[in-house]
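Note that the structure is a prediction, hence the values are computed from the model and not measured. Order of listing sets the numbers, starting from 1, for every ligand and every atom in it.
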Amino acid sequence: MLAMHANRLKDFLKINISDKLAEIQRNLYANKKIWNVIRGLRMFSQIYRRSRVGILLGLVFLILSTLLLGNARETEASDQKLAETIFPKAKKFVQRNPILAPDQIVAIEEELGVKLRSGDQKPAFYIPISDKKKPMGLVLFADAMGPLGVVRGAVGLDMRGKVVKVEIYEQKESDAIAADGFLKQFIGMGIDNAFKVGEDVEAAEGHEDASQAVALIPKKTLVMSYALYRKQEPKSDTEKSPEPDIPEEELPEAEDLKALMALMIDDYFIVVDYFDEKESKERAIKAARRLAKYGKGISNFEPPKNADQTEEYIYLQDRFSETLLKFAEALEKEGISDTTREQWDAIVTLVNQAHLRFSEEEIDLDTY
Ligand code: HEM
């Protein structure tokens with residue numbers, strides 16, 4: 001028993017020390033790189049112009065939606081500095097820490113053909129926000145194992161899901177694999193690229209395996225971003241999502257789970273009041289839709305209790321949002337009815353269940 005605790009402590013310290021070292025490394029690198037920002041500005045402004053065209057054309061990433069901007073917090077200074085070298089035009093960065101569901105991990109590993117490293121399983125995305133308050137893409141810090149040890153990097157993607165830049169800030173192989181000359185070949189690559197040395201990646205001379213490790217970093221960023229954030233593009237008019245013409249509403253940002261819940265409580269009471277005939281149907285429908293949107297952001301935050309039960313947490317979150325959308329549709333058609341009352345009761349039961357399982361504190365919504 002004692003030995004088991006000792007081992008756990010050892011593992012815990014190992015993880016934390018290596019995380020800390022990675023952070024210090026990033027910090028040093030970021031300070032050094034900040035001097036290169038001005039030099040890089042011209043190049044990035046061209047890329048940015050290109051990605052703006054992309055925004056008009058494609059809107060591939062769901063990140064664009066204001067929903068994902070809700071519930072975000074400003075980034076750590078060191079990571080932000082490094083992310084700034086990738087998106088120098090960003091006004092600010094917000095961080096998102098999505099939880100990868102076990103089936104997403106399996107799918108990602110299958111696509112990558114390698115196991116995710118423990119750090120990858122808790123990804124931290126940094127989303128650059130323009131002065132017009134729109135997301136410009138994302139930055140992910142990702143690692144890969146090279147022949148001589150871990151290669152740590154950061155990758156920026158634009159809104160079309162194309163690589164804007166790859167940075168390598170820690171590696172033991174050769175300067176050649178961290179040089180701009182080698183890394184710039186990844187710019188413009190996307191999810192359809194193989195990221196394979198000899199195919200669409202030219203290795204740094206004499207460092208084939210290390211070059212392959214570097215290539216895995218943007219690939220990993222793409223595969224993970226797509227698994228988490230890709231927007232489903234409707235294939236035809238009939239296959240469009242059920243709510244295409246609802247104007248995207250600016251939802252406020254929440255810094256943590258409690259703040260997100262505080263945002264949800266008002267909408268919850270709008271629906272409660274509607275059933276008591278103290279609110280209009282239109283406001284109740286809007287409140288239900290907003291709740292569904294807020295709901296989708298819940299798993300960006302770790303719950304204080306049963307944090308390892310990610311599958312159940314994500315399941316409850318998904319059910320919550322799905323049921324609310326169906327409820328909003330039914331409200332629109334039939335207003336207060338046995339069906340909509342039952343649907344709302346089921347939603348409240350689901351919320352109570354989520355609180356019982358994942359909140360440390362007992363929550364009675366009627367007391368708010
Ligand atoms: C109508 C929907 C919901 C409302 C109105 C609501 C409201 C609340 C409120 C008022 C709190 C207490 C916050 C505080 O202590 O300051 C809370 C906490 C919490 N809620 Fe919800 N909630 C809803 C749905 C959900 C769902 C669907 C989940 C999970 C799938 C969830 C997970 C949690 C967790 C984990 C906490 C604890 C947060 C913490 O202590 O850090 N909630 N919620």
Side-chain angles (χ1 to χ4, degrees), residues 62 65-68 70-74 94-104 122 124 228-229 243 246 249 251-276 278-332 336 339-368:
L62 182 60
S65 86
T66 44
L67 163 72
L68 272 166
N71 335 318
R73 71 174 177 79
E74 308 247 339
V94 289
Q95 188 182 343
R96 311 204 56 82
N97 295 81
I99 295 174
L100 285 171
D103 57 334
Q104 282 174 319
K122 284 196 170 178
L228 284 160
Y229 295 133
E243 37 152 15
I246 300 159
E249 198 180 347
L251 294 185
E253 289 181 15
E255 298 231 325
D256 55 32
L257 194 50
K258 282 192 174 176
L260 176 61
M261 294 296 149
L263 290 170
M264 290 165 73
I265 196 88
D266 288 345
D267 286 325
Y268 168 82
F269 278 114
I270 290 179
V271 180
V272 170
D273 286 349
Y274 170 64
F275 281 113
D276 289 344
K278 288 189 227 136
E279 265 296 355
S280 76
K281 182 171 148 180
E282 280 64 39
R283 279 187 31 100
I285 294 168
K286 280 196 180 143
R289 291 209 164 113
R290 269 195 306 269
L291 280 174
K293 283 190 181 178
Y294 282 132
K296 286 183 190 160
I298 292 175
S299 67
N300 283 312
F301 303 106
E302 238 182 52
K305 195 168 88 178
N306 293 326
D308 56 339
Q309 303 296 308
T310 49
E311 209 160 351
E312 181 188 351
Y313 189 53
I314 289 170
Y315 169 79
L316 285 172
Q317 169 202 270
D318 289 348
R319 279 237 5 95
F320 174 74
S321 290
E322 276 162 26
T323 329
L324 268 159
L325 284 179
K326 285 198 188 119
F327 169 68
E329 248 174 71
L331 267 193
E332 204 156 30
I336 298 175
T339 314
T340 52
R341 274 190 198 281
E342 270 168 34
Q343 282 175 323
W344 181 244
D345 286 347
I347 290 163
V348 175
T349 308
L350 199 92
V351 171
N352 290 336
Q353 190 189 345
H355 288 156
L356 264 177
R357 292 283 296 140
F358 294 102
S359 172
E360 215 68 88
E361 291 154 39
E362 203 174 305
I363 295 163
D364 178 359
L365 290 182
D366 293 333
T367 60
Y368 282 85

Please confirm whether Pro304 approaches ligand 1 to less than 4.0 Å, judged on its heavy atoms.
yes
Below 4.5 Å, heavy atoms only, C-beta onward: do Ile298 and Met261 meet side chain to side chain?
yes
Residues which pass ring pair (Phe, Tyr, Trp, His ring centres under 6.0 Å) with Phe358, listed by chain and number, not counting sequence neighbours:
Tyr313
Lys258 versus Glu361: any side-chain heavy-atom pair under 4.5 Å?
yes
Arg290 versus Ile270: any side-chain heavy-atom pair under 4.5 Å?
yes
Taking atom 21 (Fe) of ligand 1 as the centre, how many protein N/O/S atoms fall inside a distance shorter than 2.8 Å?
2
Identify the protein heavy atom lying closest to atom 12 (C) of ligand 1, giving its residue, its atom name and the separation to 0.1 Å.
Tyr368 OH, 3.4 Å
Less than 4.5 Å apart, side chain to side chain, heavy atoms only: is that true for Glu332 and Arg289?
yes
Under 4.0 Å, heavy-atom basis, I'd like to know which part of Leu365 is in contact with ligand 1: side chain, backbone, both or neither.
side chain
For Phe320, which part has a heavy atom under 4.0 Å from ligand 1: side chain, backbone, both, or neither?
side chain
Name all pairs fulfilling the side chain to side chain donor-acceptor pair (under 3.5 Å) condition that reach into residues 301-312, sequence neighbours left out, sorted by first residue then second.
Lys122-Glu302, Glu312-Arg357
Could you list the atoms of ligand 1 found under 4.0 angstrom from a heavy atom of Phe358?
35 (C)
Between Met264 and Asp267, is there a side-chain heavy-atom distance shorter than 4.5 Å?
no
Those residues that, when tested against Tyr268, pass ring pair (Phe, Tyr, Trp, His ring centres under 6.0 Å) (two or more places apart):
Trp344
Could you name the option among Lys258, Gln317, Glu361 that has the heavy atom nearest to atom 41 (O) of ligand 1?
Lys258
Would you confirm whether Asp276, through its side chain, and Lys278, through its main-chain N or O, come within 3.5 Å as a donor-acceptor pair?
no
